[in-house]
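See below for the structure under consideration.
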Amino acid sequence: MIMHSAAEYEGLVGWVLNLMEQIGELGVGIAVLLETFIPPIPSEALLPGAGFLAYEGRLNFWLAWLMATLGALAGAWLWYAIGAAFGRDRTRWVVGKIPLMEHEDFDRAEAFFGRWGGAAVLLGRCVPLVRSFISIPAGIERMSFVKFTLYTLLGSGVWNAIWIGLGFAFGPAIRPVLEQWSDVLSDAIIVIVIALLLWFVVARLVRNARRKRAS
């Protein structure tokens, strides 16, 4: 396998891959941990890049997977502790004060946990936004910490392996595309990301404004 430097790719794609290469596997774990507190930025946008860099020999596949899974576990532990320490009402208030988050995000996670019980911790790792908050009702209900940890490790481990594995498996197809079109793809990604973020922000702001007028 011919090793390519991520810096060889152009635009945003090259910058992101180069940054991931520089911060290494630990950085992958930190990014997944941060995603727990910045839910609009899903790990699904990051992990395939780690897999691709592993294909190129720039990251270690298994270490990147381990760091991503431990990052997810650390974030889950923090929300579990918050739920256990603050209780339902105060934690719901905290979630509502997070920029661009709403009480309904907490309510959805709580309803998901109420329907599926402990299995929600396992299944919720595959659902954006829900995975960030599913640990809260688990903490509020004082779910067995050992069971919670095992479910989180299993759910996060499988989910991270899928997305990192996709980046690795499709490496042979991704490399020639990036070599020729990374600058064009970078422009397209910027437009898409900005559009999605604007949609998310505007939708939330409009919804909040309507609620204030109705109250």
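No experiment lies behind these values; they were computed from the predicted model shown.
In this structure, Ser144 OG and Tyr151 OH are separated by 9.5 Å, a value rounded to the nearest 0.5 Å. Here the CZ-CD distance, from Arg58 to Glu56, works out to 7.0 Å after rounding to the nearest 0.5 Å. With rounding to the nearest 0.5 Å, the separation of CD1 in Ile164 from CG in Leu47 is 5.0 Å.
Ser156 is listed as a side-chain neighbour of Thr69, based on a closest heavy-atom distance under 4.5 Å. With contacts defined as side-chain heavy-atom distances shorter than 4.5 Å, the pair Val94/Arg90 does not qualify.
Panel note: side chain Arg88, backbone Ile140; no donor-acceptor pair is recorded below 3.5 Å. No donor-acceptor pair closer than 3.5 Å links the side chain of Trp79 to the backbone N or O of Ile134. Between the side chain of Glu25 and the backbone N or O of Met67, no donor-acceptor pair lies under 3.5 Å.
Counted by atom type alone, Thr149 and Trp77 present one or more donor-acceptor pairs between their side chains at under 3.5 Å.
The cluster map of Ile, Leu, Val, Met, Phe, Trp and Tyr, joined by side-chain heavy atoms under 4.5 Å apart, puts Leu70 and Phe145 in the same cluster. Under the 4.5 Å side-chain heavy-atom criterion for ILVMFWY residues, a single connected hydrophobic cluster contains both Val158 and Leu46. Leu34 and Trp163 fall within the same hydrophobic cluster, defined by Ile, Leu, Val, Met, Phe, Trp and Tyr side-chain heavy atoms under 4.5 Å apart, directly or through other members. Cluster membership for Leu150 and Val121, using ILVMFWY side-chain heavy atoms within less than 4.5 angstrom, is not shared.
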- prompt: Where do Glu110 and Arg92 land on the salt bridge (charged side-chain N to carboxylate O under 4.0 Å, His left out) test, with the steps shown first?
  reply: CA-CA 10 Å; Glu110 185 179 46; Arg92 187 176 185 271; 6.0 Å; no
task: Quick one: do Ile82 and Ile136 satisfy side-chain contact (heavy atoms from CB on, under 4.5 Å)? Show the steps, please.
output: CA-CA 7 Å; Ile82 289 172; Ile136 297 176; 5.7 Å; no
- request: Check the pair Trp93, Asp89 against side-chain contact (heavy atoms from CB on, under 4.5 Å), reporting the backbone distance first and the verdict last.
  value: CA-CA 6 Å; Trp93 180 85; Asp89 293 338; over 6 Å; no
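The two residues Ala68 and Val28 come nearest to each other via the heavy atoms CB-CG1, 4.0 Å.
Ring geometry, Trp116 versus Phe112: the interplanar angle falls from 30° to 60°, so the pair is classed tilted.
Separation of the Phe148 and Tyr80 ring centroids falls under the 6.0 Å cut-off.
Shown are Trp65, Phe61, Phe52, Trp62; of these, the ring pair (Phe, Tyr, Trp, His ring centres under 6.0 Å) with Phe168 is made only by Phe61.
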